[in-house]
Protein chains: 2
Amino acid sequence: MINNETVSIDRIIENLIYLHPLLSKSLTRSIRSKTNLNPGSLYILGMLSKHEILSMSEIGCKLSMPKPHVTGQVDKLITEEMVERLFDPNDRRIVNIRMTEKGKEDFKAIKLEVSQDMRQRIEKLNDEKLNALYDSTQVVRDILSDIMIDTKMTLCTKI
Amino acid sequence: MINNETVSIDRIIENLIYLHPLLSKSLTRSIRSKTNLNPGSLYILGMLSKHEILSMSEIGCKLSMPKPHVTGQVDKLITEEMVERLFDPNDRRIVNIRMTEKGKEDFKAIKLEVSQDMRQRIEKLNDEKLNALYDSTQVVRDILSDIMIDTKMTLCTKI
DNA sequence: GAAATTGGTTACAAAAGTATAACTATTTAT
DNA sequence: ATAAATAGTTATACTTTTGTAACCAATTTC
């Protein structure tokens with residue numbers, strides 16, 4: 001399908017660069033208008049809903065947030081009772097974060113709220129395009145989440 | 001492949017929500033560190049490289065930027081001589097924006113700079129995954145750019 | 001031709017994210 | 001046991017983006 005690797009990588013990157021503001025448009029704006037959370041704390045919830053438990057540093061690492069920002073966002077989520085701190089008995093420096101049941105429910109509702117505009121647009125797609133979008137977003141997500149996230153914490157210590 | 005539409009739409013949206021900070025991570029950070037442009041003005045260049053000529057309002061509409069912000073970002077791009085204003089003879093209120101030759105060259109170089117980290121990660125993929133990512137980003141881009149952008153300007157007058 | 005609308009700019013305030021340094025508490029290394 | 005490194009918080013300054021309102025010039029409407 002592709003005969004020149006460099007060209008295809010350029011194109012992939014161009015696609016991703018183009019995609020980014022498109023997502024921002026739909027998501028960030030409605031997060032702002034429809035919730036009392038910052039986009040940043042929503043991303044933290046997204047990560048937590050995938051990884052169950054993450055330390056403060058891991059959150060900052062995976063989302064590329066500066067540590068002080070993570071602290072602030074998590075504080076907000078805690079006052080909303082959407083996440084809780086778990087102190088690690090093995091290493092008492094580490095603060096692990098986990099979603100509460102309330103957090104999970106709220107997050108589900110928020111996702112529905114936030115994506116309403118996008119949902120309405122996606123719903124208008126015909127089955128063929130819907131399936132294509134489903135498959136493709138899955139592939140992009142899987143591959144990108146694999147290569148973009150530094151699982152080795154050593155790479156993230158500076159953040 | 002999918003038998004329940006609602007479920008698949010949920011999943012699509014979840015994928016997109018998850019994808020967003022992943023792209024931010026790689027792109028926004030390096031835009032900041034490697035260029036003297038804001039992410040916002042880079043997105044404007046991205047739109048211009050696809051649409052050739054756009055009015056100020058159209059830019060704000062497609063990127064969901066408030067009009068005053070568009071003015072500021074375009075001003076920056078003009079002082080960098082990367083875009084130029086074209087006054088519309090048919091409607092002298094309209095200010096059309098187009099990339100200069102310098103802008104096109106610079107943008108190409110900036111994209112290369114900005115995506116270096118991402119490029120290195122993508123390069124490590126095997127051919128199969130590379131092809132999958134190529135195809136999928138293309139599909140996501142095509143479909144999303146189709147449904148997310150309000151071509152009817154009437155929907156954007158308030159921005 | 002007067003009134004309303006539209007495209008764009010200016011000015012200003014507020015929100016969100018980023019960057020840095022200093023600091024505490026804990027753990028690891030020597 | 002002391003020194004160095006790590007996890008996290010606090011404080012602060014800064015950049016980027018968002019949101020409003022007021023305004024001008026050009027166009028459209030009636």
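Below, chain A is the first sequence line, B the second, and so on; all start at residue 1. Just so you know, these numbers use all the heavy atoms, side chains as well, and skip hydrogens, waters and symmetry mates.
- A donor-acceptor pair under 3.5 Å is absent between the side-chain atoms of S55(A) and the main chain of I94(A), judged by distance alone.
- With rounding to whole Å, I31(A) atom CD1 is found 17 Å from dA15(C) atom P.
- Here the C1' atom of nucleotide dA5(D) and the NZ atom of K67(A) are 11 Å apart, to the nearest Å.
- Comment: D88(A) does not engage R93(A) in a salt bridge, judged by the lack of any side-chain N to carboxylate O separation of less than 4.0 angstrom.
- D146(A) places no side-chain N or O within 3.5 Å of a backbone atom of D142(A) that could act as its donor or acceptor partner.
- Rounded to an integer number of Å, the gap from D75(A) CG to dT9(D) P is 7 Å.
- Only one option out of H51(B), E52(B), E84(B) pairs with R98(B) in a side-chain hydrogen bond (donor to acceptor under 3.5 Å, both in side chains); it is E84(B).
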Tabulated below should be each protein N or O lying under 3.5 Å from an N or O of nucleotides 24-27 of chain C; please produce it.
unit_1, atom_1, unit_2, atom_2, d
dT26(C), OP1, R92(A), NH2, 3.2
dT26(C), O2, R93(A), NH1, 3.3
dT27(C), OP1, R92(A), N, 2.9

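- A side chain to side chain contact (heavy atoms under 4.5 Å, CB included) with Q73(B) is found for exactly one of L63(B), L45(B), I44(B), namely I44(B).
- Judged purely by atom type and a 3.5 angstrom limit, S136(B) has no side-chain atom pairing as donor or acceptor with the backbone of L133(B).
- T71(A) has no side-chain polar atom (N or O) that falls below the 4.0 Å cut-off from OP1 or OP2 of dT10(D).
- Summarising the geometry, the separation between CG on L27(B) and C1' on dG17(C) is reported as 16 Å, rounded to the nearest angstrom.
- Atom CZ of R85(B) is separated from atom P of dG8(C) by 10 Å (rounded to the nearest Å).
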Report summary line: Once base and sugar-phosphate atoms are separated, protein heavy atoms under 4.0 Å mark nucleotides 15-22 of chain D, 5' to 3', with B, S and - as -SSBSB--
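- When the side-chain nitrogen and oxygen atoms of S55(B) are compared with OP1 and OP2 of dG7(C), none of them lie within a distance under 4.0 Å.
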Report task. Check the pair E101(B), K104(B) against salt bridge (charged side-chain N to carboxylate O under 4.0 Å, His left out), reporting the backbone distance first and the verdict last. Result -> CA-CA 5 Å; E101(B) 279 310 311; K104(B) 289 178 191 172; 3.5 Å; yes
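- Between R11(B) and D135(A) no salt bridge is recorded (no basic side-chain N to carboxylate O distance below 4.0 Å).
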